[in-house]
Amino acid sequence: MSPYSQKFISKLFGVMTLLVVTGLAFQSMAQSSGPNIGSVTIARNGSGKVQATVTGTGFVNNGSVVEINGIAAKKTKSIKGGALPDGSPTRLRPVDDRIEAINTSGDQAVFQVLNTSSQARSNTFIANPNAKPSLSAMSVAAGKAGTTVATVLEGKNLVGATVAFSGNGITATVGTTNNPTRLPVTLILAGDAQPGSRTITITTPGGTVQNDSLRFVITAPDETKPVVSGISPSNGKQGTNLEVVISGFRLNGPTKISIGGGITVVVRTAASNDTQISALLMIAADAAPGTRTVSVTTANGISAENVNFTVEAGTPAPTVTLTKFIESPDKTPDLYHMTEVPDGSYAVTQYSTRSLVLANSAGTVTQVQRSSFLLVSSIAFYSRDVAYTTCVPTILASRSFRPQDFGFEGLPPGNLGGVSNPRYMMGVDGLISRTFFLSNGGTGEIRLIDPDTRSTSKVIANGFTLSSTDANTRGLEQLAYDKKTRTIFALDSGKGTLVAVDEVAGSQKVLRSGFKYPFGLALMPNGNLLVSDRGDGSLTEVTTAGQLVNTYDTKQGADALRGLFVNSKGEIFLIVDKVQTVFRVTFN
């Protein structure tokens, strides 16, 4: 997915600098690494057009984007004459319709600069920090004493706000936001908080406001809910099973026991026991070490979480080694997908440049071939001369690899049964059959396509998250196919799940959830599945039934990993987009 589409929330810090420019004041917040904003001005130019100018350092030619309230401006221009001796720009000009509105309304606006290659963000500037706040709505406006409530206040000019409520027993913690119209707030309601309505007061540098028609209501605590007073033993190691006893009262008929992610709980006790529950805890090998709270759910509600259980580190997991194999010649972003040419060489798609990077069997780049299509995402071979490649968002193309006519031949999308925003494809029978599966992000479907007839496009499974070009939504990513069981394995990155699809019946089963941004998927030589997680830089090995085998830290961090590939020799390869390199993977 395009880096312009990554949704983010930037933490705001204390006021550092107050700048007064033409008709507008700006407030600088604590700086972050990477690009740095020194000043922002919004004014009318000689033609009477309102323009914003962002001045600072660490900007990149054709690689820096100005974001306004967390949304990338339609276009960012580097201003000529505003450059350092090394040629890097010092002034950027975002082109966006909202700039005129900021100038005329006088409301707050949050400015940041994103360097797209490194994903580094600048410090934050606020236009009109002293704009008067207003409060119009609250997403959750009531809660019981003794509980915690997450709510969102809506209004205007809310960046940098503090929130207070009348009366005692209610504590408000304000979350971070770069949207001046929405303010996340967590409310801790004390068990002895007096029931009744509370007024809400918002305070920012622009003033204090209270909406008398908008109130938060505290209701009496629930006296029928279960209460947990202890758990024994209170600690256990990763990768072990542990019998425990949970103590308390009103524990009759537990329907669920929760002790945080990575722990599966099997209830053992009889339903008539009011003060104790016996249970089996199955602690996963990748359960996060540390302390988490215990809660019990019965027909009368959920207990207040005030008893702790600690997960201790188990036996260290095996490590992974990445050995450099193919490097992008020009270090251009968006290496995406890799496949093996039948002669033993390799082809790697480069999404942003519409190119194929070709390398020999030793990993040495021999050629970079650019296509005439929009954005190349994946490729699969069916003979030495012919391959098929998907091009986002609407084109499916065939490719001739014969030296005398090296190039691309388009297959009309209208003859492929509604292919839109295709992602990855996976060959079914190699050189025997030319049909293949396609994960179709635009429609949330997996399709079987026969490019020879140019008319066969059968929906095998649907209902997956839709990919979105505004990139707030991640959909289907890489597929893997088990010929023996005729099972398609798919990654739904929008839900963070690994899914098995029966090719014949079309039925679906979630094998594993909890991934942050699953992207690459491959069947390993040992028969297990390997998933690359772009969200945290990990590789996860699971069985085809979804049981965890191991989790490996690649040390590459977030927003780094892309596709996985296993060649005819059983070697595993991983694309690390952050360094524009394909690595050979070995497990120690």
Side-chain angles (χ1 to χ4, degrees), residues 3-43 51-79 82-96 98-99 102-103 106-131 133 157-162 174-184 204-206 557-559 578:
Y4 296 94
S5 60
Q6 303 291 335
K7 184 176 180 181
F8 67 94
I9 301 178
S10 300
K11 188 172 183 180
L12 302 178
F13 297 91
V15 175
M16 290 181 62
T17 308
L18 187 63
L19 302 175
V20 179
V21 296
T22 309
L24 293 172
F26 293 86
Q27 177 180 335
S28 173
M29 309 301 285
Q31 298 180 4
S32 61
S33 61
N36 178 59
I37 299 176
S39 64
V40 179
T41 60
I42 298 180
Q51 293 180 327
T53 301
V54 179
T55 302
T57 57
F59 304 150
V60 179
N61 277 313
N62 300 317
S64 292
V65 175
V66 177
E67 298 172 333
I68 304 173
N69 293 348
I71 300 175
K74 295 178 181 177
K75 186 174 182 181
T76 299
K77 299 179 179 179
S78 298
I79 304 175
L84 295 173
D86 63 1
S88 61
T90 61
R91 287 184 291 169
L92 303 176
R93 179 162 290 159
V95 178
D96 198 284
R98 291 172 295 162
I99 294 171
I102 295 168
N103 183 62
D107 287 334
Q108 286 180 343
V110 179
F111 283 77
Q112 273 191 303
V113 173
L114 168 68
N115 284 352
T116 57
S117 59
S118 65
Q119 293 295 295
R121 282 193 167 82
S122 72
N123 54 312
T124 303
F125 263 77
I126 304 173
N128 292 322
N130 296 324
N157 308 317
L158 300 177
V159 175
T162 59
V174 177
T176 58
T177 183
N178 60 1
N179 187 338
T181 65
R182 292 174 59 83
L183 190 68
T204 72
D559 299 321
K578 185 178 287 186

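Residues: numbered from 1 along the sequence shown. Computed from a predicted structure; not experimentally measured. Side chains are part of it too, since the values below use all heavy atoms of this structure and drop only hydrogens, waters and symmetry mates.
Between A52 and I42, the shortest heavy-atom contact is CB-CG1, 3.9 Å. Taking all atoms of both residues into account, the shortest heavy-atom contact from Q108 to A131 is N-CB, 4.1 Å. Nearest heavy-atom pair, P205 versus G160, reported as atom, atom and distance to 0.1 Å: CD-O, 4.4 Å. Nearest heavy-atom pair across P94 and A73 is CB-CB, 3.8 Å. Smallest separation of non-hydrogen atoms from N123 and I37: OD1-N, 2.7 Å. The minimum heavy-atom distance linking P35 with R121 is given by the pair CG-C, 3.9 Å.
Between the CZ atom of R93 and the CD1 atom of I79 there is a distance of 4.0 Å, given to the nearest 0.5 Å. Atom NZ in K74 sits 6.0 Å away from atom CG in D96 (nearest 0.5 Å).
Checking side-chain atoms of N69 against main-chain N and O of V110 turns up a donor-acceptor pair under 3.5 Å. Under the 3.5 Å distance criterion, the side-chain polar atoms of T177 are matched with a main-chain donor or acceptor of R182. Formation of a donor-acceptor pair under 3.5 Å by the Q119 side chain with backbone atoms of D559 is not found in this model. With S64 contributing its side chain and F59 its backbone, the two residues share no donor-acceptor pair below 3.5 Å.
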- Given side-chain contact (heavy atoms from CB on, under 4.5 Å), test N128 with N157 step by step and report yes or no. CA-CA 9 Å; N128 292 322; N157 308 317; over 6 Å; no
- Item | Steps toward side-chain contact (heavy atoms from CB on, under 4.5 Å) verdict (R98, I71) | CA-CA 11 Å; R98 291 172 295 162; I71 300 175; 3.9 Å; yes
- Task: Please test N178 against T124 for side-chain contact (heavy atoms from CB on, under 4.5 Å), starting from the C-alpha separation and ending with a verdict.
- Result: CA-CA 9 Å; N178 60 1; T124 303; over 6 Å; no
- Test side chain to side chain donor-acceptor pair (under 3.5 Å) applied to N115 and S117, step by step: CA-CA 6 Å; N115 284 352; S117 59; over 6 Å; no
- side-chain contact (heavy atoms from CB on, under 4.5 Å) assessment of F111 paired with I102: CA-CA 11 Å; F111 283 77; I102 295 168; 4.3 Å; yes
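Every residue two or more places apart in sequence or in another chain that forms a side chain to side chain contact (heavy atoms under 4.5 Å, CB included) with A161 is listed here: L183, I202, T204. Every side chain to side chain contact (heavy atoms under 4.5 Å, CB included) that T162 has, sequence neighbours left out, goes to T203. For T90, the side chain to side chain contact (heavy atoms under 4.5 Å, CB included) test picks out L84, with sequence neighbours left out.
Between T76 and V113, the closest side-chain pair of non-hydrogen atoms is not below 4.5 Å. V60 is not listed as a side-chain neighbour of S88, based on a closest heavy-atom distance of 4.5 Å or more. Within the 4.5 Å cutoff, side-chain heavy atoms of L92 are placed close to those of S78.
Counted by atom type alone, S122 and N36 present zero donor-acceptor pairs between their side chains at under 3.5 Å.
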